[in-house]
Amino acid sequence: MDAELGSLAEALGRGIAEGSPDLNALLSDTASRSVVPSLVPRLKQVLTRFQGKSGEWSLVAAQDMFEILRLVRSRDAVVYEELKAIAEALAEDERARTAPVPQRSPDTVSNANTVSGGTFNDPVVLAGSITGGMHTYYGQTSHSGLSPVTDWPQLDRADAIVLGVRRPRRIADERPLPRYVVRDCDPALDAQVLAAAREGGLVLVTGEPLSGKTRTLWAALFTNLSGTTRILHPAPGTDLRGLTAVLRARGDAECVLWLDDLDGHLGEHGLTAALLVELARLRVPVLATMSDEAYDVHRYRSPAHARLLSGVEPVEVGTEWSSAEVERLAEAAPGDLRLAGAYAHRARHSTPAYLAVGPELLGEWRWARRANRQPLGHRLVLAAIDLARCGLEEVAADVLRRASGLYEGAAPDVSPEEFERALAWATEVRHGTTGMLVPGAEAGSWRAYGSLVEDARDGLPGFGPVPLALWLLVCEELADHDCTLPVTDVVLERARAVLGTEAETNPEALLTLGRIEEECGDDEAAEVWFRRAADAGSTEAAGVLGHLLAESREDMQAIRYLEQAAKAGDVRAQSRLGVALTEWSEYWLEKAAEADDAVAAIWLGDLRRGEGATHAALRWYRKAAELGLPVDVASRIGRLFRDRQDYKEAEKWFRIAVEEGDEEAANDLAVVLEHLGAKDEAALLYRQAAEAGSSVAAHNLGIVLNEKGDPAAAREWFARAHELGDYDAAYALGHSLMRENRHDEAEAWLRKAQEVGHHQAESALVDLRAARSAHRPDTPAAGTPDNVKA
């Protein structure tokens, strides 16, 4: 042990003797933390004795240092191990400085060895003779593969992203990094970087993940150091023990050691307290970042690293931005879409996280569209993005499910299990910060992460136009959930901005915009968009507009657009067009009738009668008669009175019609006369009309003859009526034949009646089968014709 203490004392003493004030301060700080109070003054005496006396190391000094180390070892193991590590590093550097430069001598040199049949590794041990077998000798290898300083990149050519700054999204020819927004901690950080550049030392920036630590430190480095400064950025775990030797050969080059995520560079072969002392002696600053969690572990729970970190005052970078920082972000935002998006979403996402995580989310989302990845989750996120583009930022999961089915390639049926898996993927927290979908303000609602929405708005690849069907879904949501006025206004503004510009190329977009305007309560604006869409060729818009115009009594315009839709097969438009034309014709017919046009009066009377307005119809018919067309309206007037059971007045008008040659009026007059009891005259009139070709009169005559007990004559007229097109006569004839048990003939006629849908033919056939089987007498079936046809 004494030999060990002696070696440590000598190594530390010689380091002190070289006059390094940084080493002196390091030893003083180490001693001040020890549990042995007497160490402090005694160590200071040793340091004072040798301050500025390079190369001097007396026996008294060695004894003092030996005694200090002995006390430390017995009472404070942590401090002892730190001093031991410092001593070992100093001794190693001393060996590196004093070791001869290895040289390989040619084989012709007289004192050189000849090595053959084996492996040659520089340097070779010189010996007088080597005998017996194969011998392989290796010299001491270097601790690392650190390149010379001349190979280190200069600051003005360094890539911040290579040094650890997260890559933001980039549109077209934007700069790789957005403009730096000054943080509140920058003045303190700048001061530390400048001091480290003059005197050496460690500058450490800490903060939560994605708080902007690396970008903040990069800005301080770039602002405060010369552009010709050489930067060493070793990979985590790189052996740094040979770094001082590399730096001694640097000449007058300014250098900086950049250690992003410092916890990856700690350990006996990484950055140690001893190495930091040497770097300070060489005036090489160390700039590093560390997460809050890692700093807490290594500073307060790891004795091996506490020594290194205890002398450093870290600069903390907060995740939440102060009002001053937000103001500076607002000033910078207009010049960069990325900063503008960060400012717009500052209330929901921290600015560094927004800028850093966004590209990662975008890349993963794009990748997920592949069939073997997560296409349904991809569409769910896309639906949330597009809904936000429409102005509906937060929606329920069911709305996302319906919206995701509106995209090309969507499966027609998605099981609940598939949907839940896709939703879990989309909402999974990534990078310890956020998912692609994040919870909304209302329970069960979701929204797309803000940067993804901005990516779509800024036109990055992977996003197409919002499907028109999705706009209609938004419209439904506005109606179903009675959305607040601000939300409605946003949807309207977005719809007008996006859909209103597509008039020349997409009339369906204008139709959709009209529906949105209509749903939001602006009927006038809706009509404008429907008209533009219809004029651009949308038949659906023409139908919608036609209905609106018809309701507002703009009939001529309504007819034009309804006809456009009707010709395209729009049944609803066809129906509405017929109504519109009828209403329009009524308007003009009334104008003409009031101006004493008899034909218009007849047409108007027919329209009113069809509507059930019999009093109005009778008025116009009488006027037509007064205007010289009694023969044309006599039958019409007679039927109106007959329907009222005013048979006397009906007889009067029907006789006028018959006298004027209206052959069809004969049957009508006969029906009225039957009601008045003049059956003989009625029969004559039925015969007259039947002989003139009236199928109805022939049928009625058959009934009259049947009632008079002449079924044979009756059947002749039933057959005649059937020939003339009265298919009810087939039933009457069949039934008459049943009465006479002429079953085969009866069945033939009843089947004819059944074929044309006579409502009693089926029942009569049942009766016929019963009569044939003699299970019951051949009695008349229910509903046997016993009255005439009007």
Pair Arg515-Leu472, side-chain contact (heavy atoms from CB on, under 4.5 Å): steps then yes or no: CA-CA 8 Å; Arg515 292 194 181 280; Leu472 295 178; 3.8 Å; yes

Looking at [X], I want to see if its [atom1] is surrounded by more than 12 non-hydrogen atoms of other residues, nucleotides or ligands under 6.0 Å.
| X | atom1 | result |
| --- | --- | --- |
| Gln154 | CD | yes |
| Glu293 | CD | no |
| Glu316 | CD | no |
| Arg370 | CZ | yes |
| Asp252 | CG | no |

Ion pair check, [X] and [Y], cut-off under 4.0 Å:
| X | Y | result |
| --- | --- | --- |
| Arg328 | Glu331 | no |
| Lys213 | Glu208 | no |
| Arg430 | Glu360 | no |
| Arg402 | Glu477 | yes |
| Glu199 | Arg281 | no |
| Arg248 | Glu278 | yes |

Does [Y] offer a backbone N or O that forms a donor-acceptor pair with the side chain of [X] under 3.5 Å?
| X | Y | result |
| --- | --- | --- |
| Thr223 | Ala219 | yes |
| Glu394 | Ala441 | yes |
| Asp336 | Arg338 | yes |
| Arg369 | Arg366 | yes |
| Trp258 | Leu163 | yes |
| Thr289 | Asp261 | yes |
| Gln192 | Glu313 | yes |
| Thr433 | His431 | yes |
| Asn224 | Ala220 | yes |
| Trp218 | Gly164 | no |

Identify the heavy atoms of [X] and [Y] that sit nearest to each other, and give their distance.
| X | Y | value |
| --- | --- | --- |
| Leu279 | Leu257 | CD1-CD2, 3.9 Å |
| Gly450 | Tyr354 | C-CE1, 3.7 Å |
| Ala196 | Val203 | CB-CG2, 3.7 Å |
| Gly267 | His305 | N-NE2, 3.7 Å |
| Val181 | Ala332 | CG2-CB, 4.3 Å |
| Ala342 | Thr351 | CB-CG2, 3.8 Å |

Side chain to side chain, [X] and [Y], heavy atoms closer than 4.5 Å:
| X | Y | result |
| --- | --- | --- |
| Val399 | Leu387 | yes |
| Leu460 | Leu362 | yes |
| Val286 | Leu204 | no |
| Tyr343 | Leu339 | no |
| Leu287 | Leu202 | no |
| Pro153 | Arg230 | no |
| Leu225 | Glu254 | no |
| Met290 | His298 | yes |

Arg250 vs Val246, side-chain contact (heavy atoms from CB on, under 4.5 Å): CA-CA, chis, key distance, verdict: CA-CA 7 Å; Arg250 63 178 168 164; Val246 173; over 6 Å; no

With rounding to the nearest 0.5 angstrom, report the [atom1] to [atom2] distance, [X] to [Y].
| X | Y | atom1 | atom2 | value |
| --- | --- | --- | --- | --- |
| Ser415 | Phe419 | OG | CZ | 11.0 Å |
| Leu266 | Ser302 | CG | OG | 8.0 Å |
| Glu393 | Arg447 | CD | CZ | 7.5 Å |
| Glu268 | Leu240 | CD | CG | 12.5 Å |
| Glu418 | Leu376 | CD | CG | 7.0 Å |
| Ser445 | Leu437 | OG | CG | 11.0 Å |

Chi angles and distances behind the side chain to side chain donor-acceptor pair (under 3.5 Å) call for Tyr407, Asp386: CA-CA 11 Å; Tyr407 294 90; Asp386 283 349; 2.6 Å; yes

The single option from Leu210, Val357, Leu355, Thr214 passing side-chain contact (heavy atoms from CB on, under 4.5 Å) against Arg166: Leu210

Worked check of salt bridge (charged side-chain N to carboxylate O under 4.0 Å, His left out) between Asp186 and Arg183: CA-CA 5 Å; Asp186 283 358; Arg183 305 296 300 273; over 6 Å; no

Arg421 NZ/CZ over Trp425 ring centroid, <6.0 Å and within 45° of normal: no

Trace of the side-chain contact (heavy atoms from CB on, under 4.5 Å) decision for Val395 with Trp446: CA-CA 6 Å; Val395 295; Trp446 298 96; 5.7 Å; no

Derivation of the side chain to side chain donor-acceptor pair (under 3.5 Å) call for Glu454 and Ser451: CA-CA 5 Å; Glu454 295 302 324; Ser451 66; over 6 Å; no

Step-by-step side-chain contact (heavy atoms from CB on, under 4.5 Å) determination, Asp184 to Trp321: CA-CA 9 Å; Asp184 291 344; Trp321 282 33; over 6 Å; no

Output field: ring centroids Phe463/Trp365 closer than 6.0 Å: yes

